[in-house]
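When reading the values below, keep in mind they use all heavy atoms of this one structure, side chains included, and skip hydrogens, waters and symmetry mates.
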Amino acid sequence: MKELVEYIVKNLVIDEDAVVVTETQENDETVIHVSVAEGDMGRVIGKSGRVASAVRSIVKSISAREGKKVFVKFGE
């Protein structure tokens, strides 16, 4: 799942080298943290949060099919 999010985000930003995607396990939930360059954050969030919402929807759909709980957090 981490690789999918990383692929999507790297194709959205200008500075691909600044993209950092980490995955942490908290109880039975997986949290994917996405960090990008400050100038690219707007591209990742999108107008009114539409891009971030779309990424979360994709991850939620795939994780539900696998019976897992996965969340995506953007920033820091």
Would you say F74 and V31 are hydrophobically clustered, going by side-chain heavy atoms of ILVMFWY under 4.5 Å?
no
Any donor-acceptor pair under 3.5 Å linking the side chain of D15 with the backbone of D40?
no
By the side chain to side chain donor-acceptor pair (under 3.5 Å) test, which pairs, at least two apart or in different chains, include something from residues 48-61?
none
Same cluster or not: V59 versus I62, using hydrophobic residues (I, L, V, M, F, W, Y) connected whenever any side-chain heavy atoms lie under 4.5 Å apart?
yes
Return yes when atom CD of E38 has more than 12 non-hydrogen atoms of other residues, nucleotides or ligands closer than 6.0 Å, and no otherwise.
no
Looking at CZ of F71 and CD1 of I32, how far apart are the two atoms once the value is rounded to the nearest 0.5 Å?
11.0 Å
Measuring from S35:OG to K73:NZ, what's the distance to the nearest 0.5 Å?
14.0 Å
Does this structure show an ion pair linking E6 with K2, if we count only N-O contacts that are shorter than 4.0 Å?
no
What is the minimum heavy-atom distance between R43 and V51, and which atoms define it?
O-CG1, 3.9 Å
Taking C-beta and beyond as the side chain, do M1 and K68 meet within less than 4.5 Å on heavy atoms?
no
H33 and side chain to side chain contact (heavy atoms under 4.5 Å, CB included): which single residue from T24, V21, V5 fits?
T24
Hydrophobic cluster membership, V72 vs L4, 4.5 Å side-chain cutoff:
yes
Here the gap from E23 atom CD to E3 atom CD, rounded to the nearest 0.5 Å, amounts to 7.5 Å
